[in-house]
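Because only heavy atoms are used, hydrogens play no part in the values below, and waters and symmetry mates are left out as well, while side chains stay in. Note on naming: letters A, B, ... go to the chains in the order of the sequence lines (proteins, then strands), and numbering restarts at 1 for each one.
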Amino acid sequence: MIAWKIGGDQGEGIDSTGDIVIHVANRLGYYVYGYKSFSSRIKGGHTHYKVRLGTHPIQAATRHTDILVALNQETIELEGSELQGGVILADSAFSPVLPPGLDAQLLALPMTQMAKELGSGLMRNMIAAGASAALMGLGIQPFYDYVAKRFGTKGAEVVKANQMALQRGYQALSESAHTLKTTWTLTPPIPADRLVMTGNDAVALGALAGGCRLMCGYPITPATDIMESLVKWFPSVGGAVVQMEDELGSITAAIGAGFAGARAMTATSGPGLSLMQEAIGLAAMTETPVVIVDTQRGGPSTGMPTKQEQSDLLAMIYGGHGEAPRIVITPSSLEESFEDGYEAFNLAEIYQTPVFIATDLSLALWQQSIERSYVQNPVPIERGKIVKTFGSNTSEPFQRYAFTADNISPRTLPGTPGGQYLATGVEHAPSGKVSEAPENRARMMDKRLHKIQSIHSRRQGFLVQGPANADLMLIGIGSTAAVNREAAQLLQQSGIAAAVGWFRTIAPFPHELFASATQGSLHILVVEQNATGQIAQLIQMQGLYDQRFATLLKYDGVPFLPEDVAQYAQQLIASSMEVTH
Amino acid sequence: MATLQDFKTEEKSWWCPGCGDFGVLAALQKALVKVGAEPATTAIIAGIGCSGKIGNYINSYNIHVTHGRTLPAALGVKLANRTLRVLAVGGDGDAYAIGMGHFMHSLRRNADITYIVMDNHVYGLTKGQTSPTSETGFHTKTSPQGSIEAPVHPLMLAVAGGATFVAQGFSSWQPQLADLIVRGMEHHGFSLINVISPCVTYNRVNSYDWYKKTLVNLDEDPTYDRSSRARALTRLEETDELVTGLIYQEASTPYEEKIPGFLKTPLAHHDGHIAQEAWDALLEQFE
C-alpha cells in the first residue's frame with residue numbers, strides 16, 4: 001500500500017492532480033481512497049490531496065505518507081512530519097529545504113522550468129503526476145490513456161500537451177531514480193472493473209436507479225453534490241431538480257410530491273435539518289413518503305461546515321415537536337450508500353413515512369473504489385400499498401388512514417377517481433377528517449409508531465464482521481464504521497480477536513439483533529464522532545449498555561484514523577486486564 | 001361533468017357565522033365547476049389558520065400542511081403530476097408573514113398553480129392578533145395601543161415580484177370572485193387571487209360595509225390597462241390596493257414547461273426504468 005500526497009497553494013490544480021492519480025490507480029485495478037484531511041493548523045492558501053492505493057479495499061484516512069509532492073516550501077513544513085523514511089518530490093523552483101529532524105529524502109525536480117519549456121506553467125502538475133507515476137512504478141501509459149479520456153473533448157492538442165508533460169516528469173524521475181534511498185514495489189493488482197466515486201455520488205446514483213425523479217434542495221456543504229449530480233443526470237430521464245428558496249421549502253415540496261405519488265427527495269446538512277423538522281412531523285403525521293439525506297458536518301449552528309462530525313443522529317431520530325416516527329438508515333460504504341440510495345424510497349413508500357439516509361462529511365465527499373457490478377441497474381422498486389381503482393358502485397368516502405393489521409393503510413394517488421381524501425397535519429380519523437376523539441388519537445399514535453417496526457424483518461439493522469466471541473467489538477456508523485473495519489484489521493495483526501459492528505438501521509433501533517450480535521464480545525467500544533456519545537445513548541435507552549461497553553469520542557472535526565482507534569482499543573483491553581488481575 | 005355537489009363534503013363548517021371564508025369557498029366551488037374540473041384531478045393545498053380549514057369542505061385531493069408552506073407543497077404536487085389542477089389556499093398570515101419567502105419566490109418561479117389568499121387583515125384562529133396586512137393603528141391583543149408597523153401591500157409586491165397574474169376579489173361579490181378564480185385557473189403560470197374575506201369576530205374596522213364603500217371594481221373600468229406592470233403599480237399605489245378585478249396579466253410559460261427534459265406524463269406514474277445504455281453512459285464519468 002502507498003500513501004501519496006500533493007500539497008501547494010489553492011488554485012494550483014492540487015485537487016485535479018490528485019483526481020488524475022486516483023483515477024489512474026483505480027483503472028489499473030488498485031483500490032483507492034482519496035481525501036483532504038482538513039486541519040485547523042493549516043491556514044491561508046495551503047491545500048492538499050492525499051491518495052491511498054493498494055490491493056485491498058481502503059475506506060479510511062491514515063496519518064502516514066510515503067510520497068509527498070510539494071509545490072511549495074509550506075507543504076514540506078506542514079505535511080513533512082507524516083513521512084517516515086519517505087520521499088519528498090519538490091519543485092526546485094522554490095529551492096526546497098528539508099527541515100532538520102525530518103526523516104525523509106528530498107528529491108528536487110525542475111518542474112516549473114520543464115513546464116515553461118513545454119510552453120505553459122500550468123503543466124507543472126502534469127509533470128508532478130508523471131514523476132509520481134515513475135516513483136510508484138505505475139507506468140506512464142495508463143496516465144496517457146486517462147488524460148486522453150479526460151481531456152478528449154478539449155481537443156487533440158490539449159491531450160498531447162498534457163501527455164508530453166506527463167512524459168517529461170516520468171523521464172526526469174526515472175533519470176534520478178538511482179539516487180533514491182526508498183523505492184516502492186506495489187503488488188501487481190488483479191485487474192478489476194471498478195469505478196471511483198464519493199458517497200454523495202453513490203447516494204445520488206442509488207436514488208436515480210430507485211426511481212427518484214424530483215429533488216428539491218437548497219445548497220449546503222457537504223450535501224450540494226447530490227443536487228448538482230442529479231441536475232446533470234435528470235434531463236435524460238425526465239426528472240427535475242428545483243433549487244428552493246430555503247430548506248423549509250425543499251422538504252415541503254418533496255412532501256407535496258410524495259403525496260402526489262412521485263419519488264422525491266431532499267439532501268441537506270445540520271442547519272438544513274433543523275429547519276426541516278416541522279415538516280418532517282407533517283410527513284409522519286400525514287403518512288407521506290419522503291427521503292431526506294443528511295450529510296452530517298460539525299454543528300451546532302453554522303458549526304464547522306467543512307469538518308467531519310456525526311452529531312445529528314438524535315436530531316434525525318427525535319428532532320421536532322411531538323412524537324413523529326421516522327426511519328433512519330446509515331450507510332458506511334459506497335456499496336451501502338448506493339443500496340440505501342434506492343432502498344430509502346422503497347422504505348418511504350412501503351412505510352409511508354419520512355426516511356433519512358444519514359451519512360457524514362467523510363463518507364459524502366471522499367473518493368473510493370467501488371465494483372461496477374455493485375452499481376447495478378435496474379434495482380428493486382416497491383411502491384407499497386397503493387389503490388389504483390375503485391369499483392363503480394363505491395359511494396363511501398375512501399378511508400385513507402384505515403386501521404389495518406400491519407398498521408399501514410392503503411393510499412391513493414391524486415388522479416384516482418373515488419380516492420379523494422384530506423391529508424392533514426391535524427390529528428385525524430381513518431377517513432382523514434379532523435378528529436380529537438381520545439380513543440382515535442391513541443390508536444392513530446400507536447398505528448404510526450408501530451408500523452415501522454417490521455423494518456427489521458426486511459433489512460438487517462446491525463451487521464458484524466469478525467469472530468462471534470471477540471476480545472473486542474468496535475461499533476460505529478457511517479465513515480467511522482469504515483475506520484473501525486481497518487482498525488480491527490490492525491488489532492487482528494496484533495493478535496487481538498477484534499470484530500466490527502455497524503448499524504444499517506439506527507431508527508427504529510434493531511434491539512434484538514443488536515443484543516444477540518454483541519452478546520459474545522468481551523469488550524465493546526462505541527466509536528463516534530460527536531461529543532455526547534449519541535449512539536451510546538441510544539444503546540442505553542434500549543437497556544443494552546452494560547459494563548462491557550466503553551465509548552471513544554472525537555469532536556475536533558478531524559476524522560478518526562484507524563491506527564488511533566486500534567491504539568485506544570489496545571489500551572482499553574490492557575487496562576481492563578490490570579483491573580481484572 | 002362534475003357538479004357543485006360533487007365538490008362538497010359532509011363536513012360541518014368550523015367558521016363563525018358570517019365569515020367571509022364562506023364566500024371564498026362558494027366561489028371556488030363554482031369556479032371549479034365552471035372550468036370543468038373533476039374532484040379526482042384537483043389538488044388543494046391549504047395552510048394553517050381559519051382559511052386552512054377550506055380543504056375540509058371541498059371534495060378533492062387535499063393536503064393541509066404546516067403554517068406558511070402551501071406554495072412549496074403545491075409546487076411538489078404539480079411537479080409530481082402535471083395533469084392535476086393545483087390550488088394553494090391560505091390566509092394573510094400564512095401568505096404574507098410566515099410564508100412570505102415562498103410567496104415571493106413562487107411569483108418568479110411561475111409554476112402553474114392558482115393561489116387564493118383569504119385576506120382578513122387579522123389573525124382569527126388564534127383569537128385576534130395583528131396580521132401583516134393590518135392597517136397601521138389597528139388595535140388587537142398584540143397591538144393594544146394600535147399597530148405601529150406599516151402593512152404589507154401584497155398586490156404591489158406581486159406585480160413588482162414578477163407575477164404573471166394578479167387579481168383581487170371580495171368574498172361578497174360572488175360572480176366577480178368566481179370569475180377571477182376561473183381566469184386564474186385558466187392562466188398558464190402562477191396566479192395570485194387575493195380575496196378580501198372579512199372577519200366578523202376580530203376585525204370590526206375592515207367590515208363588509210366598509211369594503212363595499214371603499215372598494216373600486218377595476219373590471220368595470222374600460223380605460224384600465226392590465227398589461228402594464230408600471231400602470232398596475234401606479235393604480236395600486238393610488239388606491240391603496242382597495243380595488244377588485246384583474247390587476248395584471250401577461251402571457252407566460254409555466255416553470256414546469258421550462259425544466260430541461262422534464263417528463264410530460266406524471267412522475268407519479270413513472271416506473272423508474274432507465275435504459276441500460278443510458279445507465280452505462282452515466283457511469284463513464286466514474287471510470
Any donor-acceptor N/O pair, B:Y61 side chain to A:A260 backbone, under 3.5 Å:
no
Any side-chain to backbone donor/acceptor pair from B:R69 onto A:L248? Under 3.5 Å, distance only.
no
Taking the inter-plane angle between the rings of A:F338 and B:W279 on a 0 to 90° scale, is it parallel (under 30°), tilted (30 to 60°) or perpendicular (over 60°)?
tilted
Toward chain B, the part of A:A209 with a non-hydrogen atom under 4.5 Å:
both
Heavy-atom pairs under 4.5 Å with chain A are the metric here; pick the option from B:A46, B:P260, B:G68 that has the most.
B:P260
For residues 82-91 of chain B, which side-chain N or O atoms pair as donor and acceptor with protein atoms under 3.5 Å away, sequence neighbours left out?
{"from": "B:R82", "atom 1": "NH1", "to": "B:L263", "atom 2": "O", "distance (Å)": "2.9"}
{"from": "B:T83", "atom 1": "OG1", "to": "B:N81", "atom 2": "OD1", "distance (Å)": "2.5"}

Interface moiety of A:L208 toward chain B, non-hydrogen atoms closer than 4.5 Å
both
Greater than 12 external heavy atoms within 6.0 Å of A:K388's NZ:
no
Is it the side chain or the backbone of A:R383 that comes within 4.5 Å of chain B heavy atoms, both, or neither?
side chain
Minimal heavy-atom distance between A:K433 and B:E11, with the atoms involved, is CD-OE1, 3.1 Å
Using modelled atom types and a 3.5 Å cut-off, is there a donor and acceptor pairing between side-chain atoms of B:N56 and backbone atoms of A:V434?
no
Quick one: are A:F259 and B:I45 in side-chain contact, heavy atoms under 4.5 Å?
no
B:S60, part contacting chain A, at a heavy-atom distance under 4.5 Å:
backbone
Using non-hydrogen atoms and a 4.5 Å limit, figure out which bit of B:E256 sits close to chain A: side chain, backbone, both or neither.
neither
Side chain, backbone, both or neither: which part of A:D193 has an atom under 4.5 Å from a heavy atom of chain B?
neither
Interface moiety of A:I251 toward chain B, non-hydrogen atoms closer than 4.5 Å
neither
By a 4.5 Å heavy-atom criterion (distance strictly below it), what part of A:V241 contacts chain B: side chain, backbone, both, or neither?
backbone
Start with the C-alpha gap between B:H273 and A:V237, add the side-chain angles, then the distance that decides, and say whether side chain to side chain contact (heavy atoms under 4.5 Å, CB included) holds.
CA-CA 9 Å; B:H273 179 74; A:V237 296; over 6 Å; no
CZ/A:R213 to CG/B:L79 distance, rounded to the nearest 0.5 angstrom?
14.5 Å
If the contact rule is any heavy atom under 4.5 Å from chain A, which residues of residues 103-119 of chain B qualify, in numerical order?
B:H105, B:R109
If you count every heavy atom of other residues, nucleotides or ligands that lies below 6.0 Å from A:Y374 atom OH, does the total exceed 12?
no
Would you mind checking which part of B:L282 comes under 4.5 Å of any heavy atom in chain A, side chain (CB onward), backbone (N, CA, C, O), both or neither?
side chain
Can you tell me how far apart CG (A:L282) and CD1 (B:I63) are? Round to the nearest 0.5 Å.
5.5 Å
With side chains defined as the heavy atoms from C-beta onward, is the minimum distance between A:Y421 and B:N62 less than 4.5 Å?
no
Backbone of B:E284 reached by a side-chain donor or acceptor of A:K149 within 3.5 Å
yes
For the NE2 atom of B:H64 and the OG1 atom of A:T424, what is their distance to the nearest 0.5 Å?
5.0 Å
Starting at OG of A:S229, measure out to CD of B:Q285 and round the result to the nearest 0.5 Å.
6.5 Å
Go through the atoms of A:S236 and report whether side chain, backbone, both or neither lie under 4.5 Å from a heavy atom of chain B.
neither
Flag side-chain contact, heavy atom, 4.5 Å: B:F286 against A:Q367
no
Would you say that B:D271 contacts A:I381 through its side chain, given a criterion of any heavy-atom pair below 4.5 Å between the two side chains?
no
Lys/Arg N to Asp/Glu carboxylate O, A:R372 vs B:E287, below 4.0 Å:
yes
Inter-residue atom distance B:D6.CG - A:Q420.CD, 0.5 Å rounding:
9.5 Å
Given that the side chain runs from C-beta out, which part of B:L283 has a heavy atom under 4.5 Å from chain A: side chain, backbone, both or neither?
both
What distance do B:Q276 atom CD and A:Q376 atom CD have between them, rounded to the nearest 0.5 Å?
10.0 Å
Under a 4.5 Å heavy-atom cut-off, does chain B meet the side chain of A:Y342, its backbone, both or neither?
neither
For A:Y218, I'd like to know if atom OH has over 12 heavy atoms of other residues, nucleotides or ligands within 6.0 Å.
no
